[in-house]
Amino acid sequence: MAIFPRETNVSESVVMLVDPNPEAVGLARDGIDRFRGRLAERTIEDARLLVSELVTNSLRHAGLRPDQQIEIALDLDQQRFRVEVVDPGRGFELRPRAAGTPAGAGWGLSLVAQLASRWGASSDGVTNVWFEIELPRSHRPSDLR
């Protein structure tokens, strides 16, 4: 895993590159934990859950080879916490959870839609799924100015 932190006076960003194996999900959650103490606990827990879902989707559906990597970009500024999961996989079509889907599957993007302030996906040679959690005024980081 490679981590590339970047801080400016208006934001803090971290980009992580992880191998496509089961440890990737835990590493992604650990990346979110880097922002503990800077974000409300609810924001941390929601972001941990959502990044877990997105990285799991990359692992299950992207068809990645062992030599490829998943990029996880985390960005905190005064108004929001943004997470992007990017992989070189084949992409996917956004569609609602199907009626015949097994009970334990297919909830990832539904959770993202419910917990995130905004989210989206694109696929143009790489697949990028992102979400943002807007920060309430009372929980905005005071050390980013």
Side-chain angles (χ1 to χ4, degrees), residues 1-8 10-136 139-141 143-144:
M1 174 181 70
I3 299 175
F4 305 97
R6 186 193 77 201
E7 289 186 47
T8 68
V10 295
S11 71
E12 178 181 349
S13 298
V14 174
V15 176
M16 303 166 49
L17 298 174
V18 298
D19 294 329
N21 58 46
E23 290 79 33
V25 175
L27 293 170
R29 285 192 299 260
D30 291 347
I32 300 293
D33 287 342
R34 294 172 61 95
F35 293 88
R36 278 197 193 275
R38 314 266 316 278
L39 293 170
E41 191 62 23
R42 171 71 186 253
T43 301
I44 292 288
E45 293 309 316
D46 287 351
R48 283 173 52 89
L49 173 62
L50 298 183
V51 78
S52 296
E53 294 294 336
L54 297 187
V55 172
T56 297
N57 283 351
S58 286
L59 294 172
R60 285 186 180 162
H61 305 297
L64 300 178
R65 298 184 317 262
D67 64 322
Q68 294 178 307
Q69 290 188 305
I70 299 168
E71 178 182 307
I72 303 156
L74 312 171
D75 185 67
L76 172 64
D77 68 23
Q78 285 291 330
Q79 284 80 40
R80 52 102 183 123
F81 185 53
R82 180 180 175 100
V83 176
E84 294 182 47
V85 176
V86 181
D87 67 57
R90 57 184 167 256
F92 65 96
E93 185 178 319
L94 288 176
R95 53 182 177 235
R97 187 174 184 280
T101 305
W107 291 103
L109 293 179
S110 294
L111 286 171
V112 173
Q114 289 178 14
L115 296 177
S117 305
R118 287 171 294 288
W119 75 281
S122 64
S123 185
D124 57 356
V126 297
T127 300
N128 181 337
V129 184
W130 59 271
F131 66 85
E132 294 180 351
I133 299 174
E134 193 162 324
L135 306 179
H139 289 96
R140 291 186 177 169
D143 53 347
L144 293 178

- Side chains of Ser13 and Leu74 in contact at under 4.5 Å (non-hydrogen atoms): no
- Message: Side chains of Ser52 and Arg29: any donor to acceptor distance under 3.5 Å?
- Response: yes
- For the side chain of Asp19 and the backbone of Asn21, is there at least one donor-acceptor N/O pair under 3.5 Å apart? no
- Sidechain N-carboxylate O distance under 4.0 Å for Arg82, Asp77: no
- Indicate the atoms forming the closest heavy-atom contact of Phe81 with Ala47, along with that distance. CE2-CB, 3.8 Å
- Which atom of Thr127 lies closest to which atom of Gly89, heavy atoms considered: OG1-O, 3.6 Å
- Task: Write down the atom of Pro20, the atom of Pro66, and the distance for their closest heavy-atom approach.
- Result: CD-O, 4.0 Å
- Please test Leu135 against Gln79 for side chain to side chain contact (heavy atoms under 4.5 Å, CB included), starting from the C-alpha separation and ending with a verdict. CA-CA 5 Å; Leu135 306 179; Gln79 284 80 40; over 6 Å; no
- Task: Check whether any side-chain heavy atom of Trp119 sits under 4.5 Å from a side-chain heavy atom of Leu50, and report yes or no.
- Result: no
- Message: Side chains of Glu41 and Arg36, heavy atoms from C-beta outward: is any pair under 4.5 Å?
- Response: yes
- Query: Has the side chain of Gln68 got a donor or acceptor atom that lies under 3.5 Å from a matching backbone atom of Arg65?
  - Reply: yes
- Item | Worked verdict on Leu39 versus Leu76 for side chain to side chain contact (heavy atoms under 4.5 Å, CB included) | CA-CA 9 Å; Leu39 293 170; Leu76 172 64; 3.5 Å; yes
- Task: With the side chain counted from C-beta on, respond yes when Leu115 and Leu49 share a heavy-atom pair under 4.5 Å apart, and no when they do not.
- Result: yes
- Task: Evaluate side chain to side chain contact (heavy atoms under 4.5 Å, CB included) for Ile72 paired with Val55, printing each intermediate quantity in order.
- Result: CA-CA 8 Å; Ile72 303 156; Val55 172; 4.0 Å; yes
- Task: Look at the side chain of Arg48 and the backbone N and O of Thr43, then say whether any donor-acceptor pair between them is shorter than 3.5 Å.
- Result: no
- Message: When you compare the side chains of Asn128 and Ser122, does any donor N or O come within less than 3.5 Å of an acceptor on the partner?
- Response: no
- For Phe131, check ring pair (Phe, Tyr, Trp, His ring centres under 6.0 Å) against everything at least two apart and list the hits. none
- Minimal non-hydrogen separation, Ser58 against Val85, with atom names: OG-CG1, 3.7 Å
- Message: The test is side chain to side chain contact (heavy atoms under 4.5 Å, CB included); show your working for Ile44 and Ile32 and say whether it passes.
- Response: CA-CA 7 Å; Ile44 292 288; Ile32 300 293; 4.2 Å; yes
- Is Asp30 paired with Arg34 through a side-chain N to carboxylate O contact shorter than 4.0 Å? no
- Salt-bridge contact Glu134-Arg118 (side-chain N to carboxylate O under 4.0 Å): yes
- Let me know which of Leu54, Ile70, Leu59, Val51 forms a side-chain contact (heavy atoms from CB on, under 4.5 Å) with Val25. Leu59
